[in-house]
Number of protein chains: 4
Amino acid sequence: MPKTDGYLTRERILQVAETLFSEQGYDAASIGAISKLAGINKATIYYHFSDKRSILHALYEDMIMQMRERIVKNNSSDSNIMDHIKKEVDFLRQKKDIVSILLMEAMKTNNDDDSLFLIASSEINREKNRIINLVNSPEKKNLFLAHEFFTGFIPIFSFVVLEDKYRKYFGISEEQVIDAFFAAIKRAHFDTHVI
Amino acid sequence: MPKTDGYLTRERILQVAETLFSEQGYDAASIGAISKLAGINKATIYYHFSDKRSILHALYEDMIMQMRERIVKNNSSDSNIMDHIKKEVDFLRQKKDIVSILLMEAMKTNNDDDSLFLIASSEINREKNRIINLVNSPEKKNLFLAHEFFTGFIPIFSFVVLEDKYRKYFGISEEQVIDAFFAAIKRAHFDTHVI
Amino acid sequence: MPKTDGYLTRERILQVAETLFSEQGYDAASIGAISKLAGINKATIYYHFSDKRSILHALYEDMIMQMRERIVKNNSSDSNIMDHIKKEVDFLRQKKDIVSILLMEAMKTNNDDDSLFLIASSEINREKNRIINLVNSPEKKNLFLAHEFFTGFIPIFSFVVLEDKYRKYFGISEEQVIDAFFAAIKRAHFDTHVI
Amino acid sequence: MPKTDGYLTRERILQVAETLFSEQGYDAASIGAISKLAGINKATIYYHFSDKRSILHALYEDMIMQMRERIVKNNSSDSNIMDHIKKEVDFLRQKKDIVSILLMEAMKTNNDDDSLFLIASSEINREKNRIINLVNSPEKKNLFLAHEFFTGFIPIFSFVVLEDKYRKYFGISEEQVIDAFFAAIKRAHFDTHVI
DNA sequence: GATGAATGAGCATTCATTCAT
DNA sequence: CATGAATGAATGCTCATTCAT
């Protein structure tokens with residue numbers, strides 16, 4: 001089955017929406033702006049998506065699917081932790097836009113959008129599997145979760161989003177930032193893994 | 001003297017704006033909604049603030065001032081790290097709303113608002129002073145900064161914002177979450193301080 | 001084909017805008033009033049015109065186009081001056097609304113809108129062609145221009161705008177005003193043409 | 001009696017209002033802008049004037065008064081027409097701002113503001129007195145009036161307002177424009193006076 | 001699949017004006 | 001005389017969305 005034209009249009013909409021949502025935030029990015037930048041009629045967007053929010057959800061689903069695919073492929077757990085971190089960060093840097101959207105939406109205190117936690121869970125589960133001796137006491141579980149989420153997941157997700165601004169603000173070169181971040185996250189998170 | 005004390009009106013606007021910006025995001029929270037919730041005429045808001053953005057900046061400045069005051073007062077560095085973390089987090093939990101706004105705005109990839117980094121810098125400087133032997137090599141400096149920002153500042157700021165949703169999503173009690181977070185951040189960040 | 005023909009909507013907007021701009025002045029005539037009087041939704045006006053100013057410019061362009069068409073048609077220069085003046089004034093009386101807008105906008109001392117001079121130039125060029133022996137000395141040129149602009153163009157444009165008020169204020173009948181104006185402009189301007 | 005402070009405030013408001021009304025038009029110039037530019041509180045303006053329109057009327061009255069004063073002084077009719085025109089234009093050039101306001105307001109087709117005609121009448125009466133043999137037939141009267149108003153008053157008033165833009169648009173020096181205008185108005189209007 | 005045209009509701013902002021002091 | 005504070009109504013303009021074609 002060949003991909004239809006309609007499919008390409010849908011993809012283009014998602015692509016442009018991802019960019020604009022990430023640049024300006026979901027609320028500030030208008031359907032009109034997406035339509036203009038994509039070169040697609042506004043009404044056509046509503047042919048492919050029922051409303052603005054459903055574009056966001058399609059973006060989320062895309063990301064979740066790609067993470068699942070990665071898990072299936074990368075089942076060969078890296079023995080080398082550094083290699084593992086690097087692959088992780090490299091993947092997320094490409095996803096920078098959707099990651100920023102995910103974080104911004106999760107931080108609206110009124111928003112009951114679970115997507116960030118959904119994705120975090122799946123990431124953390126991968127990690128759980130990478131680690132052998134997981135103790136079962138509730139305290140250990142809570143500590144493990146807090147460790148994974150707040151000192152692993154959040155720093156990495158925040159890094160890919162804030163990297164550029166961090167570099168600009170502190171006047172650090174790209175290479176140096178990456179090296180420093182890898183070293184920091186290794187020491188703080190991976191070398192202290194709760195096991 | 002005029003009808004009412006304008007200072008109180010200004011404070012009320014800031015208070016309500018902080019709540020709504022945090023709940024819905026800066027863009028989704030409208031001046032009309034702020035005016036309605038504050039019981040203050042829309043035009044009165046514009047008597048006190050030149051535009052919507054300047055309300056945000058007033059909020060930022062308030063936070064920066066309060067952090068400066070804290071630094072001046074808390075010069076007696078806690079010998080006990082745990083006490084120090086707890087005070088830090090307790091303070092920020094009260095500031096949860098402005099913290100969420102700060103993070104959301106920083107994560108707009110097009111936004112050149114430096115406020116998050118400004119505040120982080122000030123926090124990190126306090127930390128720098130708490131730690132005695134700071135080495136001067138650029139690599140060490142970069143590592144120290146990355147450690148502070150991405151494994152200290154960002155996790156703590158994210159925690160106060162995401163705490164509630166985290167608890168709800170993972171079904172953990174308030175006390176347990178706090179304990180687990182304290183333990184995790186201690187192990188990952190404070191016990192591994194770059195010195 | 002869409003619900004209605006957008007061209008008609010656009011024309012209706014221009015028509016109503018011309019009336020209201022002329023009646024109240026550009027600034028006092030609101031888009032809301034235009035929308036209400038035209039029976040067209042406010043947002044529809046912004047579908048057809050990017051902003052309020054661009055409605056004004058569309059009006060100017062319409063007038064310029066109609067003047068160009070007239071020039072092309074009326075190449076047979078009237079041998080009788082009186083016939084010529086009458087045709088000229090008759091045409092402009094139909095354009096009274098846009099003429100009044102043009103004059104009002106030109107008289108804002110801060111406004112760098114050239115439209116009045118653009119149109120005057122084109123009118124004066126027609127006149128230049130009607131007259132045979134045009135001398136080339138700069139003084140003569142300046143005199144010719146001043147004569148055409150200030151004692152020909154401006155009086156005629158002002159006449160079509162102020163005619164009604166002039167009649168009412170001085171208590172003169174329509175026919176008498178026209179006759180008197182024709183006689184006056186003939187004596188003062190056309191009979192004294194700089195040649 | 002010394003001029004009070006309040007009097008000076010009132011004068012300053014009128015002065016600034018005249019400038020802004022002339023620059024932007026009556027409707028576009030806001031009380032807020034006047035207050036800011038004058039360095040006078042908005043409420044203070046309402047202490048001196050009942051509403052916006054009454055500022056305009058005060059401006060009109062000032063102009064009318066000054067014209068009356070001139071008539072009383074200048075009763076020695078210049079035997080030299082050229083001198084007379086020059087004095088007339090020189091006076092009006094200083095009044096450029098109020099003249100532009102007067103013309104703009106008169107050109108709103110809905111406006112029943114008579115001020116322009118009031119002032120024109122007074123000017124034309126002076127002229128009537130300068131000229132000896134005024135015939136009494138209605139036709140002659142109408143012609144005289146049309147001649148004075150449309151080929152004398154309107155060109156001169158328009159000249160002082162449009163002079164700068166005219167110069168800029170046609171690329172003519174200040175001196176040349178004045179000379180050309182004087183020559184044109186002399187030939188067209190004064191040399192052809194209806195008597 | 002796609003689009004030009006249209007819309008009701010809402011946006012941030014400004015208006016002329018008021019009033020207690 | 002003067003002003004800081006406040007306001008109802010309006011401003012120009014944009015929003016997400018709809019619908020006939």
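In what follows, chains are A, B, ... by sequence order, proteins preceding strands, each numbered from 1.
At E/dG4, none of the side-chain N or O atoms of C/H48 fall inside 4.0 Å of OP1 or OP2 (strictly under the cut-off). Close to F/dC1, at under 4.0 Å from its OP1 or OP2, lies no side-chain N or O of D/Y47. Phosphate contact (OP1/OP2 of E/dA2, side-chain N/O of A/T9, threshold under 4.0 Å): present. OP1 or OP2 of F/dT3 sits under 4.0 Å from a side-chain N or O of D/T44.
For B/E23, the side chain to side chain contact (heavy atoms under 4.5 Å, CB included) partners two or more places apart in sequence, or in a different chain, are A/T109, A/N110, B/T19, B/L20. Partners of A/D97 by salt bridge (Lys or Arg N to Asp or Glu O under 4.0 Å), not counting sequence neighbours: none found. Considering only residues two or more places apart in sequence or on other chains, A/D62 meets the salt bridge (Lys or Arg N to Asp or Glu O under 4.0 Å) condition with none of them.
For the pair B/L116 and A/L162, the minimum side-chain heavy-atom distance is below 4.5 Å.
Rounded to an integer number of Å, the gap from C/I13 CD1 to E/dA5 P is 11 Å. D/Y46 places its OH atom 9 Å from the C1' atom of E/dC15, with the value rounded to the nearest Å.
Of all heavy-atom pairs between B/D51 and B/Y46, the closest is CA-CE2, 3.9 Å. When all heavy atoms are compared, the tightest approach of B/E105 to A/K165 is O-NZ, 4.0 Å. What you find for C/K108 and D/Q24 is that their closest heavy atoms are CE-O, 3.2 Å. Summarising the geometry of D/K52 relative to D/A29, their closest heavy-atom pair is NZ-O, 2.9 Å, with the distance given to 0.1 Å. Residue A/V161 comes nearest to A/K96 through the heavy atom pair O-NZ, 3.8 Å, listed as atom of the first residue, atom of the second, then distance. Looking at every heavy atom in both residues, B/Y26 comes nearest to B/R53 through OH-N, 3.0 Å.
A cation-pi geometry, defined here as NZ or CZ lying under 6.0 Å from the six-membered ring centre and within 45° of its normal, does not hold between B/K168 and A/F117.
For DNA chain E, the neighbouring residues in residues 49-58 of chain B, judged by any heavy atom under 4.0 Å, are B/D51, B/K52. Shown for residues 18-43 of chain B: residues whose heavy atoms fall under 4.0 angstrom of DNA chain E, namely B/A29, B/S30, B/I31, B/G32, B/K42, B/A43.
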Given Watson-Crick or G-U pairs with both distances under 3.5 Å, what dot-bracket string fits DNA chain E, with | for other-strand pairs and [ ] for crossing?
.||||||||||||||||||||
